Amino acid sequence: MAANNSGSEPPIPEDDEGLGGVTHEEEAAEAKGKAPAASTTTMNRSGSRPQLDLSGAAIHGTLEDRNPTILLPNQSDDISHLALDIGGSLIKLVYFSRHADQPTEDKRKLSTKRRLEIFTGARRSYPVLGGRLHFVKFETGKLNECLDFISSKQLHRGGVDSPSWRSGAQPDNIVIKATGGGAFKYADLFKERLGVSLEKEDEMDCLVAGANFLLKAIRHEAFTHMDGQKEYVQIDQNDLFPYLLVNVGSGVSIIKVDGHGKFQRVSGTNVGGGTYWGLGRLMTECKSFDELLELSQRGDNSTIDMLVGDIYGGLDYSKIGLSASTIASSFGKTISDNKELSDYRPEDISLSLLRMISYNIGQISYLNALRYGLKRIFFGGFFIRGHAYTMDTISFAVHFWSKGEAKAMFLRHEGFLGALGAFMSYEKHGLDDLSAHHLVERFPMGAPYVGGKIHGPPLGDLNEKISWMEKFVQKGTQITAPVPMGAPATTGMGGFERPTSKGDILRSDASAALNVGVLHLVPSLDVFPLLEDPKTYEPNTIDLDHDEFKYWFTILSDHLPDLVEKAVASEGGTDDAKRRGDAFAHAFSAHLARLTEEPAAYGKFGLANLLELREECLREFQFFDAYVSIKQRENEASLAVLPDLLMELDSMDEEDRLLALIEGVLAANIFDWGSKACVDLYNQGTIIEIYRMSRKKMQRPWRIDNFDTFKSRMLKKDQPYKRALISVDNAGADVVLGMLPLAREFLRRGVEVVLVANSLPALNDITANELPEIVAEAAKHCGILRKAAEAGGLIVDAMAGIQGDAKDEPASVPLMVVMQLILEGMGRSLHTNLNARFKCDALKLAMVKNQRLAEKLFNGNIYDCICKFEPVS
Ligand SMILES: Nc1ncnc2c1ncn2[C@@H]1O[C@H](COP(=O)(O)OP(=O)(O)OP(=O)(O)O)[C@@H](O)[C@H]1O
Ligand SMILES: CC(C)(CO)[C@@H](O)C(=O)NCCC(=O)O
Ligand SMILES: [Mn+2]
């Protein structure tokens, strides 16, 4: 709900649409804050971008390295908290970076109080600062890389309370929360290398705290995985406990969780992830865990495992429910053959091992669930690795042994439970108070850290990302991240066959990072208070099933070259812009490819999310407003004809005028650069010609036509509206010739108008920053607009206004009743909110600029119009 006033105040990071599912965020701010060191000459286009602190920069490693690590010891990344989970196999890092974007002042010079003011904004105070949570992992065996990473990003030196942060001086006693065995084992090393003390948090406490947090705060965190099918589970907060938590790390901990901080470690097993990786490495000579997992996908375990059929001469042992294909004895077949290890295929060995261990874990988990009468088992730990076959095997075991009574569920942040728990144990960040809507998950490309090595300047995120994309392009490697599916064909009798289809290769670590995004913490992101039922609000009107995704894949792919062209032009068409444009195109294509394979890869994903992903991706490559010049041109052209339009409207009687206004809104909504059909139109005429043509075609009845009801309500003199909240869509004719005249009509009737625009653009959206200028320009020709703009009542922070009223007047119902919400455009009225119900009268206006959408939603056609009026009573 941002309505940034231009003024001397620094920009306050705010969200925008509490209304819709589309919530833009400040990825841009992060990208800005990290101008790459290596290419400051080419990349530092904006003078306002914060400079890197290069003092003390040093090449780390040998100078012969092609990509030596460069350490920037004095560059603060504005990190406030870092927590570690140092396990037997992997080190997990969770860190929080604020997105202070203070272009002119040195952030470190600001007082804490001032910083808090910047983030809390003028009207409200939030318990926490905005920022983002990053998830990174390293192999414990490569602890040094982890230390380098921490040190290069200065992760250990941030923090509101850290003295270093205020004075810039070397802090003498930094304390970092850490859990896992390594918090004990490596404490001295951390002190020695980084000068930090590790404050130890109990591992089980942390696992439980992490799991509870995820299940509470992250939408679509938990899912089931059966027969290759992934399904997200809606967790009922009031019915979460008790559950069984099984953390499959090197070893396995089994914990009965009864509440927050209430749990008991009821069992464990030493046959875990370390066992699979350790035995697998010895037996196959694989160099990495992923390689071993990948091998399993081409394996046939029947050459190694002794099956029931092997013992029973090909027959089932049906009396006790065992099919011939059930594994009777893992690795049992190797006793009878006169063979050496080298006679077996590594693929088969890997699969046998994987099945043995997964099945065993599933079985032990089931037994413990049975012991305590628990029905839900959540599996975490990096052994799971998001690997379909592993999850299917565990799920099968739980399902089989419990006869369908118990359910295995998995967590998207599987391996980060402990680290998150350690992170939560910091007292002051207040993260545990957050409910789900404060966290928005984003999927930046290869972020925050690519691969096992820090290549080039550690803070050169953008450049690093671009090189990374280029590398893939050069190699002709698609970052398609194939997902190992291999659904086991179950026999239904206590076993399953070997995988029917084997995936290609396992996702590389870098692209797998896409499965866990960066969690953006947006304290100002509130639920829109006028939603009738925030709990059931679903921002996506359209679910992306396979077919739907395929269609939108084509639409978005086809549109991509045009978008890139506009984006590059918006940045002056320089070589740098071209390079970023290419990288953006590849990154977005990779996302599309990833989602094609696994539509649920990023959690439950609707069409609105997909469109939002594109905008995020643009911002990731520092395209902050791709349509800026087009928007300007269209604004100017529209403002030029606005006076005539207003005069024409003023000559009409009230009823005709209302109709003309709504027609005007719908007609002007044709200007949408996301629609191929419309873009083709733009090439055939001027903005004004198209607008006139569009108006002429406004034949009623529209596909949804509640205009008459709306009109009667507007004309009702005894119960006038007090305030209208008008959410506007595109720049140019859309806002100038469509929405402003409508807003003016409300003003003329004495209704307070709140114009609501995005804080960040989606395609050619008008943004909150641009709106005041346009209104000011329009006001030159119109007394009504001028008076309102001068009174300052036109553009205010809508959310704050509503909430203020609601708080001040507990009996605010009368106000709600006379409130009207107007949503305009496909994004606000169709992709999201079409079915949303509000506590006030709502008017949804849009022209449908896509044939399939029109068919799907209304059995209609492209250019159909929607005028959906929903009065509360
Ligand atoms: N890149 C990887 N390198 C090593 N092991 C991996 C990797 N990815 C997944 N694994 C698997 O994950 C396991 C480690 O999981 P996790 O990080 O949850 O445990 P840990 O905390 O290191 O161990 P523990 O809790 O027992 O001390 C490994 O034993 C291996 O089976
Ligand atoms: C020792 C820990 C807790 C270290 O994370 C883990 O590896 C584990 O639970 N191992 C299993 C030990 C057992 O209960 O048999
Ligand atoms: Mn662990």
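Ligands are counted one by one from 1 in listed order, and the atoms in each one are counted from 1 as well. These numbers come from a predicted model, not from an experiment. What's counted below: heavy atoms across the whole structure, side chains too, no hydrogens, waters or symmetry copies.
- Assignment of Glu203 to the shell around ligand 1 is supported, since a heavy atom sits closer than 4.0 Å.
- Distances from ligand 1 to the non-hydrogen atoms of Gly274 include at least one value under 4.0 Å.
- When heavy-atom distances to ligand 2 are checked against a 4.0 Å cut-off, Ser253 comes that close through both its backbone and its side chain.
- When ring centroids are compared, His81 and Tyr426 come within the 6.0 Å threshold.
- Residues Met356 and Leu353 are in side-chain contact: their nearest non-hydrogen atoms beyond the backbone lie under 4.5 Å apart.
- Considering backbone and side-chain N/O of Tyr276, none are found under 3.5 Å from N/O of ligand 1.
- Of all the heavy atoms of Asn247, none lies under 4.0 Å from any atom of ligand 2, so neither backbone nor side chain is involved.
- Here the shortest heavy-atom distance to atom 4 (C) of ligand 1, taken over Phe138, Phe382, Phe416, Trp277, belongs to Trp277.
- Using modelled atom types, one side-chain atom of Asp343 and one backbone atom of Glu340 make a donor-acceptor pair closer than 3.5 Å.
- Of the protein's non-hydrogen atoms, the one nearest atom 14 (O) of ligand 2 is Arg265 NH2, 2.9 Å.
- No hydrogens or angles considered: a donor-acceptor pair under 3.5 Å links the side chains of Asp305 and Ser352.
- Ring-plane geometry between Phe289 and Tyr276 is classed as perpendicular, the angle between the planes exceeding 60 degrees on a 0 to 90 degree scale with a lower cut at 30.
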